[in-house]
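For reference, the structure is listed below as structure tokens.
Side chains are part of it too, since the values below use all heavy atoms of this structure and drop only hydrogens, waters and symmetry mates. Because the structure is predicted, anything quoted here is derived from the model rather than measured.
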Amino acid sequence: MRGARRAAVRTLGVALAAALLVVPSLVVARPGPGGSPRWGTELSFYGWSPDARLVAYRRVRRMPPERGRKPRVERRSMHRVVKDGRLEGFGPGFSGTLADHARSSGYRADALPMTREGERAWRFAAPEGVYRLEVTLGEQLGWRLTLNGEVLLGQAFDTPYVRVEPALYPAPDRSALALVMLLDTGWLIDGALYTVALPADVRARWRAAEAASTHPAALQPEVRP
């Protein structure tokens, strides 16, 4: 009986998550009536450093009033080291704001063009291939990021979301990617950032495609009289 009950609860949870995820128009993550902010965490991505060793972003967390206290806002500027596709430690200090530092230091935040595919998938076109982000339903909610069908990264969700807005930022040398997502439960929003290393053959394909687009004549066979 307990097994059947757990299965029924799991099935109901999956059905509820599916209903939420396939109706993205239920909620729009914008300021509420009168311009009041949504509660939760927003993330602003400022870019990759020119050498692809650092990423810069900012988190703003808005917390609702509780126990008689006023609403609170926490702001954190994140200057992180990326090693082998993983966030490891913090980068060097800087003067002024992180946004100004990223701008003056030539940080790159070039998002790949995105096309929505159905209700739970997004396609990102790139010279080295096609990236695809898909929200998965079933025994465990989550998402996976693939390149030409090969899985690069995946993560489980612990909460069903009514809206997911992704953006994909490649490192300047195509050594890694930064995936930024806005996640909306309908009452709270969250900003998530993930980094993943790209295989050497991906970088080679990207370099070849870039060379072809920049110097197309160099790839044409020489014709002699």
Identify the heavy atoms of Val196 and Leu153 that sit nearest to each other, and give their distance. CB-CD2, 4.1 Å
Considering all heavy atoms of both residues, which atom of Leu54 and which atom of Pro92 are nearest to each other, and what is their separation? CD1-CD, 4.1 Å
Phe157 vs Val135 side-chain heavy atoms within contact, under 4.5 Å: yes
For residues 77-89, which residue pairs pass the salt bridge (Lys or Arg N to Asp or Glu O under 4.0 Å) check, not counting sequence neighbours? Arg86-Glu88
CG-OG1 distance between Leu193 and Thr195, expressed to the nearest 0.5 angstrom: 6.5 Å
pair His79-His101: side-chain heavy atoms closer than 4.5 Å: yes
Within a strict 4.5 Å, meaning less than it, do heavy atoms of the Leu152 and Leu198 side chains meet? yes
For the hydrophobic clusters of this structure (ILVMFWY residues joined by side-chain heavy atoms under 4.5 Å, transitively), does one cluster hold both Leu147 and Leu168? yes
If you define the side chain from C-beta out and look only at heavy atoms, does anything of Ser44 sit under 4.5 Å from Tyr57? no
Please give me the minimum heavy-atom distance between Ala56 and Ala102, naming the atom from each residue. CB-CB, 4.5 Å
Look only at the side chain of Trp206 and the backbone of Ala126, and say whether a donor-acceptor pair between them is shorter than 3.5 Å. no
Quick one, Trp48 and Asp173 - any side-chain contact, counting heavy atoms below 4.5 Å? no
Please check: side-chain N/O of Ser77 versus main-chain N/O of Arg58, any donor-acceptor pairing under 3.5 Å? no
Is the CZ atom of Arg203 crowded by more than 12 outside heavy atoms at less than 6.0 Å? yes
Answer yes when Arg59 and Glu74 have at least one side-chain N-carboxylate O distance shorter than 4.0 Å, and no when they do not. no
Side-chain heavy-atom pair Phe45, Val55 within 4.5 angstrom cut-off: yes
How long is the span from the OH atom in Tyr131 to the OG1 atom in Thr146, to the nearest 0.5 Å? 10.5 Å
For the hydrophobic clusters of this structure (ILVMFWY residues joined by side-chain heavy atoms under 4.5 Å, transitively), does one cluster hold both Leu145 and Val202? yes
Interatomic spacing from CZ in Arg62 to CZ in Arg75 - rounded to 0.5 Å: 6.5 Å
Counting distance only, does the side-chain N/O of Arg116 pair as donor-acceptor with the main-chain N or O of Gly118 below 3.5 Å? yes
Can you find a pair of side-chain heavy atoms, one from Pro127 and one from Arg174, that are under 4.5 Å apart? yes
Do Leu87 and Met78 land in one hydrophobic cluster if side-chain heavy atoms of ILVMFWY residues count as linked below 4.5 Å? yes
Connected via hydrophobic side-chain network under 4.5 Å: Met63 and Leu182: no
Quick check for you: to the nearest 0.5 Å, what is the distance between Thr41 atom OG1 and Ile189 atom CD1? 7.5 Å
Between OH of Tyr161 and CG of Asp190, what distance do you get to the nearest 0.5 Å? 5.5 Å
Any side-chain heavy-atom pair of Ser175 and Val82 under 4.5 Å: no
Does Leu112 belong to the same Ile/Leu/Val/Met/Phe/Trp/Tyr cluster as Leu133, with side-chain heavy atoms less than 4.5 Å apart forming each link? yes
For the ring pair Tyr194 and Trp143, is the centre-to-centre distance below 6.0 Å? yes
Would you call Arg132 and Glu134 a salt bridge, using N to O less than 4.0 angstrom? yes
